[in-house]
Amino acid sequence: MDRKVAVVGVGNTSYTSAKRETRERTEVSADCIKAGFDFVGKGLSMDDVDSIFYASVDAFEGVQRPDRSMDCLGQSLNKATFFVHTGGTAGGSAFKEAYHSVKSGLCDIVIALGASTTSATVEAQQILNSASPPLIEKPFGAGAIHMAGYYLMRYKADYNITAEDFAMVAAKSHKHAVNNPYAHIRKGFTVEEILASPMVCSPIHLYEICPVSAGATCVIMASEEKAKELSDTPVWIKAIDSISNTFLAGYRPFTSFYKLEILAKRVYEKAGIKNPLEDIDYAELFNPFAGFELLEYEALGFCDKGDAPKLVRDGITDYGGKLPCTLSGGTLCTNSGISASMSRHAETVLQLMGKVEGGRQVKNAKTGIAHSWGGNMGQFHTLCVLSV
Amino acid sequence: MKNKVAIVSCGIIKYEGQNELGMWNDEATFKVSKMALDNVGAEKDDLDFVVISTMDGLDGITISNGLLAPAAGAYNKSSVRIETTGVHCIFSAVADILSGNSNLVMVASSDTLEMDFGYVTNFNQDVYFRGPVGFNASQSYGMLAMDYLKKHNIDEKDYARIANKNYLAGAVNPYAHINKKYSTEEIMASPYVNWPLRSLEIGKISNGAVACLIASEEKAKELTDNPVWISGIGLTSSQYLGSWKELSDMKAIKKACKKASDMAGIKDLKKEIDLMEITAPFAPFELIAMESLGFCEEGKAVDMLNNGDTSIGGTLPVNLSGGGLCTNAPNSGGLFRVVQAVKQLNNELDGVNTENMEKALVHDSDMFIGAVGGVSHGVLMLEKGE
Amino acid sequence: MQDISYNKRFEYNWDVPFKVTLGESYFRFLDGLKNKKILGNICPKCNGLHVPARPFCDKCLVEITKWYETSGIVTIESFSVTYVKFLGLPDPPHITGIVRAENAVTSFLHQIGGIPYDEPKELDEKTKIGMKLKPVWAEKRIGDIQDILYFTPVDA
Amino acid sequence: MSNNVIKKEWRFNFDFSVASGETYGRFFKGLNDKKIIGNICNNRTFYPPKPFCDKTLKPPDAWLECDGAGIVEAFTICCEKSNGVKFSKTDKKPDVPYVLGVIKIKDSEHCIIHFISGFETKDVSEIADKIEIGMKVKPVWATKREGEILDIEYFEPVI
């Protein structure tokens with residue numbers, strides 16, 4: 001039975017830095033859901049919602065099971081509340097769980113919320129190091145930046161990628177974040193400024209690393225029947241799936257996101273995508289470290305191995321190009337943890353709905369994809385295809 | 001939901017005390033997942049999706065599903081971790097199958113660590129009001145036990161009797177952690193922990209591992225001739241801040257049971273349900289839950305206990321596994337109860353005849369990290385296949 | 001809008017121990033380190049040599065029981081030099097790397113050291129992917145991944 | 001358990017800093033001044049105050065203040081020391097056995113969980129007899145207050 005499901009609403013709160021956040025944790029999620037209801041309008045309220053899928057990472061929020069002490073997730077109405085936690089891909093996983101809860105017929109209207117996860121953080125790397133396998137990898141003090149370093153150093157060596165290549169793809173995100181009201185870092189750093197910023201973990205410069213932000217993003221999904229009542233710009237979910245790797249370094253070649261390659265083939269087949277560069281009109285990719293976007297172009301089949309920098313140089317993945325990517329500024333400019341992996345989906349939805357502000361709206365985009373990455377050494381990926 | 005999705009096989013190992021398994025979560029999860037696959041001659045590559053039930057704060061690892069997922073067969077596959085209850089994880093498997101995305105799903109969980117459980121359940125509380133007063137799970141049990149005792153003027157001996165009833169069942173369950181037949185007198189003599197609860201009325205923390213293979217209708221028929229069909233699922237949550245009435249009236253259990261009964265087409269619970277596995281990390285909660293699920297009037301669960309209805313050989317056996325008193329596993333408690341109910345429906349209990357038992361109700365909850373405020377409940381209806 | 005003059009920050013921390021008992025495959029690998037040996041085990045189904053040793057093969061989901069003593073020499077798959085101090089993490093500059101034992105199908109994270117430098121920047125030039133390293137053993141070994149203090153270039 | 005095993009230990013150790021927001025911020029400032037701040041939200045009364053109505057998600061309507069007198073709705077008597085997260089510098093929890101009560105302040109639709117002391121006895125069963133559901137209690141203020149929930153040292157029965 002092919003029951004169709006659409007995203008009918010997107011809710012964003014304002015974004016700031018975790019250190020300057022003055023809103024209490026539950027207030028941020030309440031604002032986020034309220035923004036989602038206001039986006040849809042038509043008197044939609046918590047009474048109409050069947051389930052809420054809350055995505056976060058406990059240790060970042062400073063309380064274990066942060067969904068339990070957050071009364072804005074329909075708890076006073078005894079709604080079914082799921083806490084979906086797969087690390088960086090929790091936003092993608094919650095999106096998928098929400099989608100299947102409706103596609104299966106078990107629910108009609110659901111919310112998937114990417115939490116303002118890192119707002120309790122004093123030092124993000126300290127917490128990220130606790131995702132490193134205890135006893136075997138944790139003692140060496142690797143946080144997410146170090147793990148990104150292993151990928152980008154190997155990629156750099158295997159395909160003679162230059163520091164400028166990394167800085168150029170970073171500059172693309174910084175440029176567009178200036179026009180994104182929901183971005184945190186909107187400084188528009190140039191290639192020169194990025195290269196001049198201090199090296200943190202080789203080969204990554206400071207302005208090629210995501211900030212620790214605060215802010216939340218949610219999407220509201222509905223069955224085909226309800227979606228037609230609630231929205232005149234429904235965005236249909238064609239396919240979404242995730243893939244898992246080993247917990248430890250294991251078999252990783254580190255020169256590519258080789259699991260994302262496998263996942264892309266599976267998801268493209270389900271969504272009927274033959275040639276990604278032709279069939280996809282917009283992509284939001286998970287780029288907490290600027291260089292990841294290059295690895296993602298190659299894993300998603302936009303170009304051959306090592307050719308990703310050429311796509312950036314030729315403007316293929318910029319505004320006005322053949323396949324504009326991450327015009328929101330992406331995770332590089334806004335990363336409050338799991339809301340970052342949820343807002344990749346939200347941004348693609350807004351592009352397909354034609355509701356993107358700041359002169360970043362891609363003309364008649366029909367098919368878009370959203371990607372998220374997470375887990376120790378990038379153990380998980382999710383990939384979603386959306387269309388209008 | 002008639003004959004659409006079934007549990008076709010389970011894997012389980014004997015539960016022990018904290019840090020007594022001699023295995024880490026990956027080894028234990030691998031053992032039970034392999035067992036579940038081997039029981040029906042299935043291979044890793046037959047799996048489409050893996051669902052893990054575990055919590056970072058209980059595994060000492062941020063993104064701890066990273067350790068368990070590959071052990072349950074997730075390498076190169078799709079996987080997710082749901083940190084609420086075991087029944088929420090089964091819902092995720094069922095939704096994936098009914099969406100046409102999967103035919104065979106592994107749901108697995110394990111507990112292998114020793115930790116300071118008071119500390120761990122305290123950091124589940126909010127940081128402004130309840131965290132700083134040191135509020136933890138055991139104290140929340142004391143409050144609910146006090147409320148029930150005073151509301152229905154129950155005798156403290158009845159609490160010892162419900163505990164004894166569970167110890168007697170646990171003693172003959174080879175998988176339970178505690179296999180000792182504590183008498184009512186021994187239980188009454190054990191010291192108070194959080195009045196009116198005594199130490200032998202609160203479940204010790206157990207370590208172990210459990211896995212279930214869940215299949216679509218077509219795959220189930222291919223793999224086994226005695227599938228256990230999942231006929232209904234009801235999931236609810238409850239608010240964290242509220243009036244004492246809202247925090248203690250178990251409205252969420254009533255609603256979860258109604259949702260699951262309606263989906264399973266069950267008209268009269270008392271007549272149609274043959275056996276139950278209920279979450280009860282402190283023994284008296286079995287009485288509270290039976291009333292909230294709708295099996296008897298308020299305050300009357302004690303009569304069913306004293307008539308022996310809910311004991312071995314009774315008309316409506318509850319927690320034949322020994323319940324949460326004998327096996328109180330934080331991560332895997334929910335799936336443990338599901339597997340015990342499946343074994344009871346398949347009459348696989350040695351020394352206990354559950355032959356003509358057709359329908360089982362399994363209740364799971366995340367109350368092991370705190371029973372007052374923010375508790376989620378899940379009710380699962382199971383039916384033996386023809 | 002909120003009157004942020006009332007906002008107040010609460011500072012606190014978590015500090016809780018977790019205890020575990022590791023099974024036979026972890027025991028033999030870590031015991032090997034105590035005796036200055038780097039042991040791996042070979043999956044009976046895909047024949048892959050896993051270093052560090054694993055209780056089961058992630059690819060084949062079968063138990064691994066055949067043991068193999070490696071030479072101890074590893075090659076650098078990748079590495080990163082950390083130049084910044086993070087709260088709770090080692091002092092810079094320090095090199096962490098992904099290293100692979102000879103003919104192993106898996107690699108593992110460890111520390112790389114013993115490379116002389118005047119300016120930290122030089123570490124990025126002197127450390128090369130593909131470089132051969134040997135383990136530098138701790139004096140007192142207790143059966144722990146840090147019984148190897150770090151790996152250092154073979155010709156150092 | 002076979003003897004080829006090895007025992008290991010590691011720690012979960014994080015530093016946190018969280019914002020209270022205006023609503024809770026006002027409540028904790030009130031505690032510093034020996035006052036209990038509450039609010040009206042979607043015409044329901046709450047002590048402590050509620051940041052938003054969990055049904056409509058709308059912000060609260062008006063502020064309230066009272067002296068914190070209330071009634072006991074439930075309790076337990078803790079016989080084991082609660083080793084929880086260290087929120088304040090000094091450990092301000094009472095000695096075992098102590099009463100952890102559920103208190104409804106004035107006409108609040110929320111309860112608060114706090115210590116109840118002032119019973120001369122340390123015998124658990126005697127304490128249990130002295131506490132009545134519905135009995136009146138009032139807060140006892142700590143001399144040194146830092147704008148946190150433990151600025152109320154405990155609640156004591158109103159005789």
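By convention in this document, chain letters (A, B, ...) are assigned in the order of the sequence lines, proteins followed by strands, and residues within each chain are numbered from 1.
Annotation: the span from B:Phe135 atom CZ to D:Thr76 atom OG1 amounts to 9.0 Å, rounded to 0.5 Å. From D:Ile133, atom CD1 reaches atom NZ of B:Lys151 across 10.0 Å, with rounding to the nearest 0.5 Å. Atom OG1 of B:Thr62 is separated from atom CZ of D:Phe14 by 4.0 Å, given to the nearest 0.5 angstrom. With rounding to the nearest 0.5 angstrom, the CG atom of D:Asn83 is 9.5 Å from the CG atom of B:Asn136. Atoms CE and CD1, from B:Met143 and D:Ile113 in turn, are 4.5 Å apart once rounded to the nearest 0.5 Å. One finds the CH2 atom of B:Trp244 at 7.5 Å from the SG atom of D:Cys111 (value rounded to the nearest 0.5 Å).
Proximity to chain D is limited to the side chain of B:Leu247, based on heavy atoms less than 4.5 angstrom apart. Neither the backbone nor the side chain of D:Lys104 comes within contact range of chain B, judged by heavy atoms closer than 4.5 Å. Of the two parts of D:Phe75, the backbone and the side chain both hold a non-hydrogen atom closer than 4.5 Å to a non-hydrogen atom of chain B. Residue B:Asp59 touches chain D through its backbone alone, counting heavy-atom pairs closer than 4.5 Å. Of the atoms belonging to D:Tyr98, it is side-chain heavy atoms, and not backbone ones, that fall under 4.5 Å from chain B. Residue D:Glu109 touches chain B through its backbone alone, counting heavy-atom pairs closer than 4.5 Å. Only the side chain of B:Leu113 comes within contact range of chain D, with at least one heavy atom under 4.5 Å from a heavy atom of that chain. Residue D:Ile152 does not touch chain B at all, counting heavy-atom pairs closer than 4.5 Å. Contacts between D:Pro48 and chain B at a heavy-atom distance below 4.5 Å involve the side chain alone, from C-beta outward.
Shown here for D:His110 and B:Gly242, the closest heavy-atom pair between the two residues is CD2-CA, 3.3 Å. The two residues D:Lys93 and B:Gly134 make their nearest non-hydrogen contact at CE-CA, 3.4 Å. Between D:Arg44 and B:Glu246, the shortest heavy-atom contact is NH2-OE2, 3.7 Å. A pairwise comparison of heavy atoms in B:Leu241 and D:Tyr24 identifies CD1-OH, 3.6 Å as the closest pair. Listed here is the closest heavy atom pair of B:Asn194 and D:Cys79: OD1-N, 4.2 Å. Nearest heavy-atom pair, D:Ala128 versus B:Lys150, reported as atom, atom and distance to 0.1 Å: O-NZ, 4.1 Å.
Within 6.0 Å of the OH atom in B:Tyr192, the count of heavy atoms belonging to other residues, nucleotides or ligands exceeds 12. No more than 12 heavy atoms of other residues, nucleotides or ligands shown are found within 6.0 angstrom of NZ on D:Lys29. A 6.0 Å sphere centred on NZ of B:Lys157 holds no more than 12 heavy atoms belonging to other residues, nucleotides or ligands. Atom NZ of D:Lys136 sits in a sparse spot, with 12 or fewer heavy atoms from other residues, nucleotides or ligands closer than 6.0 Å. Heavy atoms from other residues, nucleotides or ligands lying under 6.0 Å from NZ of D:Lys34 number 12 at most. Under a cut-off of 6.0 angstrom, the local environment of NZ in D:Lys122 is crowded, with over 12 non-hydrogen atoms contributed by other residues, nucleotides or ligands. Counted within 6.0 Å of NZ on B:Lys31, heavy atoms from surrounding residues, nucleotides or ligands total 12 or fewer; the atom is thus considered open. The number of heavy-atom neighbours closer than 6.0 Å to NZ of B:Lys14, taken from other residues, nucleotides and ligands shown, is above 12.
Ring planes of B:Tyr128 and D:Phe28: tilted class, angle from 30 to 60°.
When side chains are defined from C-beta on, B:Asn19 counts as touching D:Lys7, because their heavy atoms get closer than 4.5 Å.
Chain D forms more heavy-atom pairs under 4.5 Å with one residue of B:Ser138, B:Gly118, B:Pro132, B:Gly131 than with any other, namely B:Pro132. Comparing B:Ser140, B:Ser243, B:Gly57, B:Pro191 by how many heavy-atom pairs each has under 4.5 Å with chain D, the most go to B:Ser243.
Listed by first and then second residue, the salt bridge (Lys or Arg N to Asp or Glu O under 4.0 Å) pairs that reach into residues 187-202 of chain B are B:Glu156-B:Arg198, sequence neighbours excluded.
A donor-acceptor pair under 3.5 Å is formed between the side chain of D:Trp10 and the backbone N or O of B:Gly60.
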| task | Test side-chain contact (heavy atoms from CB on, under 4.5 Å) on B:Asn122 and D:Phe87 and set out the steps. | result | CA-CA 11 Å; B:Asn122 178 250; D:Phe87 285 99; 4.1 Å; yes

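Aromatic pair D:Phe16/B:Phe123: ring centres not closer than 6.0 Å.
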